[in-house]
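Step one of this worksheet: look at the structure below.
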Amino acid sequence: MTEAQDPAPTDFIRERIRQDLASGKVAQVVTRFPPEPNGYLHIGHAKAITTSFSIAQEFGGRCNLRMDDTNPGAEDQEYVDAIMEDVRWLGFSWDGLYYAADYFDQLYAWAVQLVEKGLAYVDDQNAEQIANSRGTLTTPGTDSPHRSRSVAENLDLLARMKAGEFGDGQKVLRAKIDMASPNLNLRDPVMYRIRHMHHQRTGDRWCIYPMYDWAHGQSDSIEGITHSLCTLEFEHHRPLYDWFCDSLGIYKPQQIEFARLNVEYLLTSKRKLLLLVDGGHVEGWDDPRMPTLRGLRRRGYPPEALVAFARHVGLAKVNGTHEIALLEHFVRDHLNKTALRRMAVLDPIELVIENWPEQHVEWVAAQNNPEDPNAGTREVPFGRRLWIEREDFLENPPKDFFRLAPGREVRLRFGYFVKCVGVDKDAAGNVTTIRCTYDPETKGGNAPDGRKVKATIHWVSAAHAVDAEVRLYEHLFTHPDPASFDQSEFLSILNPTSKRTVRGKLEPSCKDAQGGERFQFERLAYFYCDPKDSRPGAPVFHRTVTLKDAWKKVQQKGK
Ligand code: ATP
Ligand code: MG
């Protein structure tokens with residue numbers, strides 16, 4: 001289960017497309033990704049993007065990026081730009097870039113047509129009255145008193161709505177379908193509402209704006225979308241999607257629904273994410289703990305891993321939740337192959353090699369990536385004073401602790417065997433320095449007499465170490481299903497230790513790390529050099545993911 005091994009997926013949508021191509025119903029596949037530019041894209045969108053773009057690629061088709069910008073107010077050019085950047089970052093490029101707002105004239109002309117056909121009417125009821133007369137799943141709705149207005153009167157009222165004669169909420173245009181339909185979406189849905197509001201693309205030209213259902217299918221139709229892929233919550237909207245196209249007599253794309261992506265611990269509600277940002281609970285939309293694509297990017301997630309994950313989870317017809325361990329497995333899998341290895345000590349304690357000459361420095365060769373022979377080696381300085389990880393030493397070790405302890409010998413990675421011969425302590429009795437001797441015969445990590453050590457630990461030369469800020473992240477929430485907590489409660493499950501900052505001691509080559517570079521700090525985790533906060537000579541690192549693969553363990557248990 002790695003990126004390379006992932007087979008060409010087959011699923012109900014691809015099957016359907018194969019049939020449509022085979023039968024000649026469709027000559028070339030055209031899909032689209034239609035985000036509303038009212039927020040930043042998140043991991044759920046990565047699935048929708050991967051689905052529509054990959055399917056177009058696989059079938060030699062096209063995929064459009066369409067801004068579903070029919071709601072003035074919440075939408076913004078800033079989001080439009082961010083969406084384009086995020087889609088590109090994932091590795092996809094669109095064939096056409098479109099804006100639903102560019103179809104406002106066409107949509108209006110079509111609305112007039114429906115009115116002329118007696119299939120739409122202007123209603124004076126307010127939103128509450130309309131909701132109250134819609135009925136329930138078990139009872140039919142009731143007709144609006146304005147349902148039987150004449151075509152001429154409807155045309156006049158619609159034109160005056162458009163001209164701005166009425167205030168917000170005073171009138172709506174509704175499709176005249178069936179107030180007793182078992183599908184509530186067909187009970188005379190609203191097509192246009194009045195909103196005297198500036199639109200980021202059309203300015204003040206319009207004061208009536210189309211509802212999602214009235215805009216979406218027609219936009220798909222205009223662009224010649226063949227397969228309009230969307231999430232399951234739109235399934236009950238499909239009959240309306242079809243009704244609008246059929247009533248207008250225009251080309252009708254095929255809408256197909258698939259399950260939303262949900263991942264444990266990750267929250268994908270735009271509204272709640274906004275509360276996190278506005279409340280200062282995170283440091284913005286690109287905070288590395290956020291499930292936004294910019295957050296994941298800044299955390300160091302490789303885009304290839306997100307795409308591989310989205311492809312692996314595939315397309316289902318039932319919503320479910322994936323373990324975060326699976327997502328992290330894909331991140332680790334990619335980084336294992338590509339990230340350069342470095343040595344860094346994040347919780348340092350001093351180790352002094354008593355039989356190493358005071359000023360002597362030896363540069364030892366260290367492999368950059370054992371998984372990639374082309375990654376080569378680098379030289380790392382080794383000296384008398386080293387930093388090692390505090391947890392790699394225990395003064396009174398339990399039986400199953402194999403690392404450094406008084407009288408014990410371990411291997412220093414790429415260096416020598418060292419043996420602990422004593423410790424220095426402060427007044428409180430805490431160990432401050434570990435005293436060792438080294439065996440010059442063990443250079444490169446093996447003893448000529450064949451004696452073994454049970455542990456290899458990492459280290460950094462104290463005289464050469466680079467101090468750097470390292471940010472350690474955990475899940476943002478303490479509960480795996482944050483979506484199950486409503487807006488008033490979900491802040492109570494924020495993890496108070498989701499971000500911890502330490503100053504690490506890094507091998508000197510890390511000084512020149514560039515923003516955007518990914519590393520494995522050996523035996524610790526994968527880290528990303530932050531492009532935003534790093535300064536020349538003073539890099540800042542984010543922990544992307546630890547080395548422990550919980551998903552592999554789950555799999556092995558299952559075997
Ligand atoms: P909103 O709450 O604003 O409607 P949204 O998450 O639906 O948010 P859109 O910008 O409308 O955001 O979504 C664009 C596309 O991404 C839609 O086709 C939607 O179905 C899809 N999408 C959104 N969330 C997910 C998800 N979790 N999994 C898969 N696809 C998703
Ligand atoms: Mg939406």
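Start at 1 with the first residue, then count along the sequence. Just so you know, ligand 1 is whichever comes first in the structure, and atom 1 is the first atom listed for that ligand. Because the structure is predicted, anything quoted here is derived from the model rather than measured.
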* Asked: Of all the atoms in ligand 1, which lie at a distance below 4.0 Å from a heavy atom belonging to T231?
  -> 19 (C), 20 (O), 29 (C), 30 (N), 31 (C)

* Which of the numbered atoms in ligand 1 are below 4.0 angstrom from a heavy atom of H42? -> 6 (O), 24 (N)

* To do: Answer with side chain, backbone, both or neither: which part of N38 has a heavy atom less than 4.0 angstrom from an atom of ligand 1?
  => side chain

* Is the F92 to F53 ring centre distance short of 6.0 Å? -> yes

* Would a line drawn from the ring center of F234 to the ring center of Y212 be shorter than 6.0 Å? -> yes

* Partner of R297 under side-chain hydrogen bond (donor to acceptor under 3.5 Å, both in side chains), chosen from T292, D286, D86 -> D86

* To do: Kindly confirm or rule out an N or O of L261 lying under 3.5 angstrom from an N or O of ligand 1.
  => yes

* Structure fact -> Taken in chain and number order and not counting sequence neighbours, the residues that satisfy side-chain contact (heavy atoms from CB on, under 4.5 Å) with N154 are V115, Y121, V122, R149

Distance-only donor-acceptor pairs under 3.5 Å for side chains of residues 43-50, two or more places apart:
residue, atom, partner, partner atom, Å
H45, ND1, H42, N, 3.0
K47, NZ, A259, O, 3.3
K47, NZ, G314, O, 3.0
T50, OG1, A46, O, 2.6

* Determine whether the side chain, the backbone, both or neither of R260 has a heavy atom under 4.0 Å from any heavy atom of ligand 1. => both

* Structure fact -> Of R32, K270, H45, the residue with the heavy atom nearest atom 1 (P) of ligand 1 is K270

* What atoms of ligand 1 come closer than 4.0 angstrom to any heavy atom of A48? -> 16 (O), 21 (C), 30 (N)

* When only distance counts, is E36 in polar contact with ligand 1, meaning an N/O pair under 3.5 Å? -> yes

* **H236 versus N185, side-chain donor and acceptor atoms under 3.5 Å** => no

